[in-house]
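Contents: one structure, followed by commentary.
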Amino acid sequence: MRQDSPQATIHRAALKLGAGCAIVGGLAIAAFRLSHGDLPAADAPAALRFITRHPFYAGIHIGTVLGVLVWAGGIIALSATLTHGLASLLGRMGAASVLVGAAVFIVDFSIDGVAGQDLARAWAAATPADRPDLELAAQTAFTILRGTSLTSILILWGVPLMLFGRAMLLEAYPAWLGWTGLATGAVTILAALALLLREGLFPGVLLYGLLISIVVPAWSLALGATMWRRASVRPG
């Protein structure tokens, strides 16, 4: 039986590590984002009421951040296993986009979770006369976070999925995985840009709930399973 070279052993280990991170991170992102619910951010009183009734609002945000970090680790591991010249270049560009997007996402979700929960608690305990000031503060915060939220989605999930989708086609991954990555990334970019340029152009739940909370995690699970299978195949 042929023994793996040290380089092949490292390659297989990177694939398995990346597969595990893509699967665990994808599941965590889906679970925590779906647990978050559809925050009515355009209506400050309704949003604050929504948060006060949420059982673990700040914790959901922390869990999502951890899921994103694990998922990002899987994508970076994937980029290190690409051997085709252009695929390797696309992978490095995708990994850089993931790192920048994850940084923006962490800032956005940390502020959203902590500030949102603190404002909601203060609003719930305030007198009717004091609530308008807290509602104005919440509306200001949600307005600011709309930009960072959509930008993080574009950089963290939109651009990388397009880059890695193309890289997978070059790297002889299953064609359906590459094409679905390209399509999902392109739709995510267009949807995020559309909402950045015009608020309320379409229901945000289509982007936040469907694409980011279901479609991207599902693609990540398929990616992880494919990487694990590739790591299990011994050359020769």
Side-chain angles (χ1 to χ4, degrees), residues 18-42 47 50-51 54-57 59-75 78 94 97-98 101-102 104-106 108-109 112-113 116 145-146 148-166 168 173-196 199-229:
C21 288
I23 291 171
V24 173
L27 287 173
I29 291 169
F32 285 115
R33 287 197 67 92
L34 290 173
S35 298
H36 182 284
D38 185 17
L39 176 72
F50 174 93
I51 296 172
H54 202 291
F56 200 40
Y57 192 75
I60 289 294
H61 287 71
I62 295 172
T64 309
V65 166
L66 294 177
V68 165
L69 289 175
V70 174
W71 183 83
I75 297 300
L78 168 62
S97 185
V98 164
V104 178
F105 180 88
I106 290 169
D108 171 79
F109 239 51
D112 184 13
L145 290 173
R146 188 176 74 85
T148 55
S149 174
L150 291 168
T151 301
S152 69
I153 287 175
L154 192 154
I155 301 173
L156 176 59
W157 287 301
V159 173
L161 261 65
M162 283 199 67
L163 293 173
F164 280 102
R166 177 58 180 144
M168 286 174 189
Y173 273 76
W176 64 266
L177 186 63
W179 285 114
T180 53
L182 275 167
T184 303
V187 172
T188 301
I189 290 172
L190 291 175
L193 284 174
L195 289 180
L196 273 169
E199 182 182 7
L201 185 61
F202 59 86
V205 69
L206 295 177
L207 174 61
Y208 292 99
L210 179 59
L211 274 174
I212 304 307
S213 302
I214 297 175
V215 176
V216 171
W219 183 85
S220 301
L221 297 182
L223 169 64
T226 304
M227 292 171 66
W228 190 271
R229 286 196 297 269

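Scope of the values below: all heavy atoms of this structure, side chains included, with no hydrogens, waters or symmetry mates.
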Report, one line per pair, each donor and acceptor closer than 3.5 Å where one atom sits in a side chain of residues 174-193; sequence neighbours left out.
| from | atom 1 | to | atom 2 | distance (Å) |
| --- | --- | --- | --- | --- |
| T180 | OG1 | W176 | O | 2.7 |
| T180 | OG1 | L177 | O | 3.0 |
| T180 | OG1 | W219 | NE1 | 3.4 |
| T184 | OG1 | T180 | O | 2.7 |
| T188 | OG1 | T184 | O | 2.7 |

Let me check something: any side-chain donor-acceptor pairs from residues 64-74 under 3.5 Å, sequence neighbours excluded? List them with distances.
| from | atom 1 | to | atom 2 | distance (Å) |
| --- | --- | --- | --- | --- |
| T64 | OG1 | I60 | O | 2.7 |
| W71 | NE1 | S220 | OG | 2.7 |

For S152, the side-chain hydrogen bond (donor to acceptor under 3.5 Å, both in side chains) test, sequence neighbours excluded, returns none
To the nearest 0.5 Å, how far apart are CZ in F164 and CE in M168?
7.0 Å
If I compare all heavy atoms of P40 with all of A47, which pair ends up nearest, and what's the gap?
O-CB, 3.5 Å
What distance separates R166 CZ from L161 CG, expressed to the nearest 0.5 Å?
15.5 Å
For S35, all residues meeting side-chain hydrogen bond (donor to acceptor under 3.5 Å, both in side chains), sequence neighbours excluded:
none
Do you know the tightest heavy-atom contact between H36 and F109?
CD2-CZ, 4.4 Å
Quick one: are W157 and F105 in side-chain contact, heavy atoms under 4.5 Å?
yes
From CD (E199) to CG (L150), nearest 0.5 Å:
9.0 Å
Qualifying residues under side-chain contact (heavy atoms from CB on, under 4.5 Å), relative to A225, sequence neighbours excluded:
R229
Roughly how far, to the nearest 0.5 Å, is the CZ atom of R146 from the OG1 atom of T151?
9.5 Å
For residues 205-218, run the donor-acceptor check on the side chains, cut-off 3.5 Å, and write out each pair with its distance to 0.1 Å, sequence neighbours left out.
| from | atom 1 | to | atom 2 | distance (Å) |
| --- | --- | --- | --- | --- |
| Y208 | OH | S149 | OG | 3.0 |
| S213 | OG | R33 | NE | 3.3 |
| S213 | OG | Y208 | O | 2.6 |

Hey, what do you get for CG (L39) to CZ (F50), rounding to the nearest 0.5 Å?
5.5 Å
Result of checking V24, T226, L27 against L221 for side chain to side chain contact (heavy atoms under 4.5 Å, CB included)
L27
Output for pair (L223 CG, C21 SG), nearest 0.5 Å, gives 11.0 Å
With a 6.0 Å cut-off (strictly less than), is the heavy-atom count around CZ of F56, excluding the residue itself, greater than 12?
no
With sequence neighbours left out, what residues match L145 under side-chain contact (heavy atoms from CB on, under 4.5 Å)?
D108, I111, D112, T148
